[in-house]
Each structure stands twice: as structure tokens, then as C-alpha cells.
Enquirer: 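Below: one structure in C-alpha cells.
Numbered from 1 within each chain, the chains take letters A, B, ... in sequence-line order. Note that this is a predicted model, so its numbers are computed, not measured.
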Protein chains: 2
Amino acid sequence: METAVRAQKMLDSFARANVLASECPSRQVLQHLTSRWGVLVMAVLATGTFRFAQLRRKIDGVSERMLAQTLQQLEQDGFVLRHDHGEVPPRVDYTLTPLGEEAAGHLVGLVAWIEESMPRVKAAQAAAAPDGDADAITPSVGRSVPATA
Amino acid sequence: METAVRAQKMLDSFARANVLASECPSRQVLQHLTSRWGVLVMAVLATGTFRFAQLRRKIDGVSERMLAQTLQQLEQDGFVLRHDHGEVPPRVDYTLTPLGEEAAGHLVGLVAWIEESMPRVKAAQAAAAPDGDADAITPSVGRSVPATA
DNA sequence: GTACGTACTTACTTTTCGTAAGTAAAGGGT
DNA sequence: ACCCTTTACTTACGAAAAGTAAGTACGTAC
């Protein structure tokens, strides 16, 4: 192994993670937590322990494939604990680890903010989309719009 | 307009948004904010105003296509303000709206937590994958990791 | 004995994403 | 004079991800 490579690894160990760097592993973790279903799984698990099918029913629209995949990612990152009772028919339940609870705290905070801020977001969306009221707000500065939108 | 339809609209206006419901518009907003590049764009814009190319350089790995798309989504939701100076060559800068700043607060909180928690996440990942190259991980605290009792 | 529930996995299809190139106009270099 | 670069995008196309449907190995209820 080259010296420069090893030196880089040492730096990696001590330097703080930076999600803006594409090769930083923290970005993958961010992606797992903020993935389409990851956020929702974490938010639900923040309220207790659940079985696979229970999560599937709670999270409207998630497929079995995606739920399984999401749970595996979260488990590998140490956010979720999978407890297989080893019975037949299968019985497995999922809980947050202490690390997962910390992460979930931020995620439920975000989700809660979105849910309570939706009226304001809707207002902004309505102002941005000239659908219905023709004489909307500032047409802003001439933003060229191609004929074939 | 039918009575049932009007009643539904009243409910829509007063009921709180719920991201667990697949048809709830809040889920799309959540997706925009937590999309792969959405989080990073919001986090960067939380530190000031930037031009398109500046954002592109700051956010390592983002393509022009995705940056443009992400910014458009965030603009439509009312989180980002696009200011086109109407000059040639083009000059456009992006800032957070007050609404966007609130959202960004939660996102930078999450990002900061991930960055400072990476050592623990790495330890968990190492414990989960006994076959991986432990070379990439340096246990920040030189201590054996319990098998997640 | 037929149907259903559990926790997944495996093929196949659709949607999304990333890469590369194109666009209009100004400015710098040779 | 002419080419090249910069800016903020858009468009086409191949690659990767996500969604859909079906299969698996049982056990229970009807």
C-alpha cells in the first residue's frame, strides 16, 4: 500500500465526516435515512416496536420489496434492530436502537414540521403555479419558456 | 358542486397532513426535501445565497440536470427563491425563503448529527458485516463493540 | 381442501437518474 | 478575426433504481 493512500485513510479516521464530499460514507448513511421509505420507517419505529406486516400496513404505499430493502439498510447502519423469533410462520419484529432513536428524533421533527407547515407550503405552491388564477403574482423577470412545455 | 365534494375539501383544509397516507401532498413535499440532492441543496443554502454554478461546485457529485430539477422543486414548494438578474451571460442566484429556512433548520440538524455520529455508525456497520474490510474503519474509541445485546 | 397470513426473495416492467452534448450571448486570448 | 470559455439551463439516451407480481415454506381457520 502506498504511503499517500495510508495517510489518506488516517485522515479519514480523524477528519469529521462531510456529506458534501461525494466519496464520504456519511452521504450513504444520509441517503439511507432520507430515502423515500427510510424516513417513514424511522418515524413509525420511533413510536414503538412493529412486525414487518404491521409496518407495511402503517406505511401506506410501500411494497414488500422496498420495505425489506429499507429495513436491511437501516439495520446495517445500526439504526434498527431485527429480532427474529425463529418461529413458523415467520415472526420478526423491528425496533430502533439507541442510535436509531437519536436519528429518528431529527426525522420526526422534520416530518412534524412539514405536516404542520403544509398550509403555508400549499399557499406557496398555489402562488408558483398559474393554474386557475391567471393574474398571479409577479411574473418575475423574463424567464424564457419554450413553446413546447 | 356536490355536497360530498365540498365536504371533502373542507376536511382537506382542516385535517392535519399525514405523511403516512400515500395520497397526502405532504409526502411529496417530504420527498422533495429529503431527496438525494434536496437535503444538500437546502443545507448549503442555509449558509447563504449562491449562484447555480457555485452550488454545483459545493455539492460534490451533483449533475447540472439534477441540480436544476431539485432547485425547481424546492422553488415550487416555496423553500427557495430564484432571482434571475436577466443578464447575459446568465446570472441567477438562489436563497432560502423564510419557510425554507425553517425547513433547512431541521435538515442541517440531521446532517450535523450524522456527521458527528459517523464513528458510531461505522462501528455498527463493522459489527453487522464481519466479512468486510475492517481496514476502512478505525474504532474511534479503542474498545470492543458489544454484539448489540 | 381451499383460502389466507407471515416474511421475505426473485423475475420482470416502469420510472428515475446520471452522462454527455447542445444553446444564446458576452468576453478573453492569439 | 476566430476560437475557446463561462453561465444557466434543456434535451436525448443509456444505466441504475424502484415498483409490480408471483413464488416459497410453512401454519391456521373455515
Enquirer: On a heavy-atom basis, which atom in L107(A) and which in L110(B) lie closest, and how many Å separate them?
Expert: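 Minimum heavy-atom contact is CD2-CD2, 3.9 Å.
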Enquirer: Quick one: label Q69(B) by what it contacts on the DNA or RNA (base, sugar-phosphate, nothing), any heavy atom closer than 4.0 Å.
Expert: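 If one applies the 4.0 Å heavy-atom cut-off, Q69(B) turns out to touch the sugar-phosphate alone, with no base involved.
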Enquirer: Between dA21(D) atom C1' and L67(A) atom CG, what is the distance in whole Å?
Expert: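 After rounding, the gap between these two atoms is 17 Å.
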Enquirer: Atom CZ of F50(A) and atom C1' of dA7(C): how far apart are they, to the nearest Å?
Expert: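 Checked: the CZ to C1' distance equals 17 Å.
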Enquirer: Can you tell me if the side-chain N/O atoms of W37(A) get under 4.0 Å from OP1 or OP2 in dG19(D)?
Expert: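 The answer is yes; a side-chain N or O of W37(A) sits under 4.0 Å from OP1 or OP2.
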Enquirer: From the list dC26(D), dA7(C), dC17(C), which nucleotide is the closest neighbour of the side chain of R82(A)?
Expert: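 So the side chain of R82(A) is nearest to dA7(C).
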Enquirer: Could you give the CD-to-P distance, from Q72(A) to dA7(C), as a whole number of Å?
Expert: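 About 14 Å, once rounded to whole Å.
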Enquirer: Output the rounded distance in Å from NE2 (H83(B)) to P (dT7(D)).
Expert: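 In whole Å, dT7(D) P and H83(B) NE2 are 18 Å from each other.
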Enquirer: Determine whether V39(B) and L33(B) make a side-chain contact, defined as any pair of heavy atoms from C-beta on separated by less than 4.5 Å.
Expert: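 No. Closest side-chain heavy atoms not under 4.5 Å.
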Enquirer: Find the distance Q54(A):CD to dA7(C):P and express it as a whole number of Å.
Expert: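 In whole Å, dA7(C) P and Q54(A) CD are 8 Å from each other.
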Enquirer: Counting heavy atoms from C-beta on, name the nucleotide in dG19(D), dT10(D), dA8(D) closest to the side chain of F52(B).
Expert: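 Among the listed nucleotides, the one closest to the side chain of F52(B) is dA8(D).
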Enquirer: Using the closest heavy atom to pick a nucleotide of DNA chain D for each, name whichever of Q73(A) or V88(A) lands nearer the 5' end.
Expert: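 That would be Q73(A).
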Enquirer: Report the nucleotide, chosen from dA25(C), dA8(D), dG19(D), that has the shortest atom-to-atom distance to any side-chain atom of V92(B).
Expert: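 Closest of the options to the side chain of V92(B): dA8(D).
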Enquirer: Considering only dT10(D), dT9(C), dT7(D), which nucleotide approaches the side chain of R51(B) most closely?
Expert: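 Ranking dT10(D), dT9(C), dT7(D) by closest atom to the R51(B) side chain puts dT7(D) first.
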Enquirer: With the 4.5 Å side-chain cut-off for hydrophobic clustering, are L20(A) and Y94(B) part of the same group?
Expert: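 In one cluster with L20(A): Y94(B), yes.
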Enquirer: For dT6(C), does OP1 or OP2 lie under 4.0 Å from any side-chain N or O of R56(A)?
Expert: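 Result: no.
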Enquirer: What is the distance, rounded to the nearest whole Å, between atom CD of Q31(B) and atom P of dC17(C)?
Expert: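 Distance, rounded to whole Å: 9 Å.
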Enquirer: To the side chain of P90(B), which of dT9(C), dT7(D), dT6(C) is closest?
Expert: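 Ranking dT9(C), dT7(D), dT6(C) by closest atom to the P90(B) side chain puts dT7(D) first.
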Enquirer: Can you spot which of H83(A), Q54(A), H85(A) makes a side chain to side chain donor-acceptor pair (under 3.5 Å) with D93(A)?
Expert: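 With D93(A) as partner, H83(A), Q54(A), H85(A) yield a single side chain to side chain donor-acceptor pair (under 3.5 Å), made by H85(A).
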Enquirer: Quick one, L67(B) and V41(B) - any side-chain contact, counting heavy atoms below 4.5 Å?
Expert: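 Counting from C-beta outward, L67(B) and V41(B) do come under 4.5 Å.
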Enquirer: Between dG19(D), dT9(C), dT7(D), spot the one nearest the side chain of A53(B), thanks.
Expert: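 That would be dT7(D).
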Enquirer: Tell me what R57(A) touches on the nucleic acid: a base, only sugar-phosphate, or nothing, going by heavy atoms under 4.0 Å.
Expert: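 Sugar-phosphate contact only.
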Enquirer: In whole Å, I'd like the distance from the CD atom of E87(B) to the P atom of dA8(D).
Expert: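 About 10 Å, once rounded to whole Å.
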Enquirer: Does R65(B) have a side-chain nitrogen or oxygen under 4.0 Å from the phosphate oxygens OP1 or OP2 of dC17(C)?
Expert: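 No, R65(B) has no side-chain N/O under 4.0 Å of OP1/OP2 on dC17(C).
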Enquirer: Please state how far atom CZ in R91(B) lies from atom C1' in dA8(D), giving the value in whole angstrom units.
Expert: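 The distance from CZ of R91(B) to C1' of dA8(D) comes to 13 Å, rounded to the nearest Å.
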Enquirer: Tell me if a side-chain donor or acceptor on T97(B) pairs with a main-chain N or O of G78(B) at a distance below 3.5 Å.
Expert: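 Checked: pair present.
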Enquirer: With nearest nucleotides of DNA chain D determined for P89(A) and V62(A) from heavy-atom distances, which residue corresponds to the more 5′ nucleotide?
Expert: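 This one resolves to V62(A).
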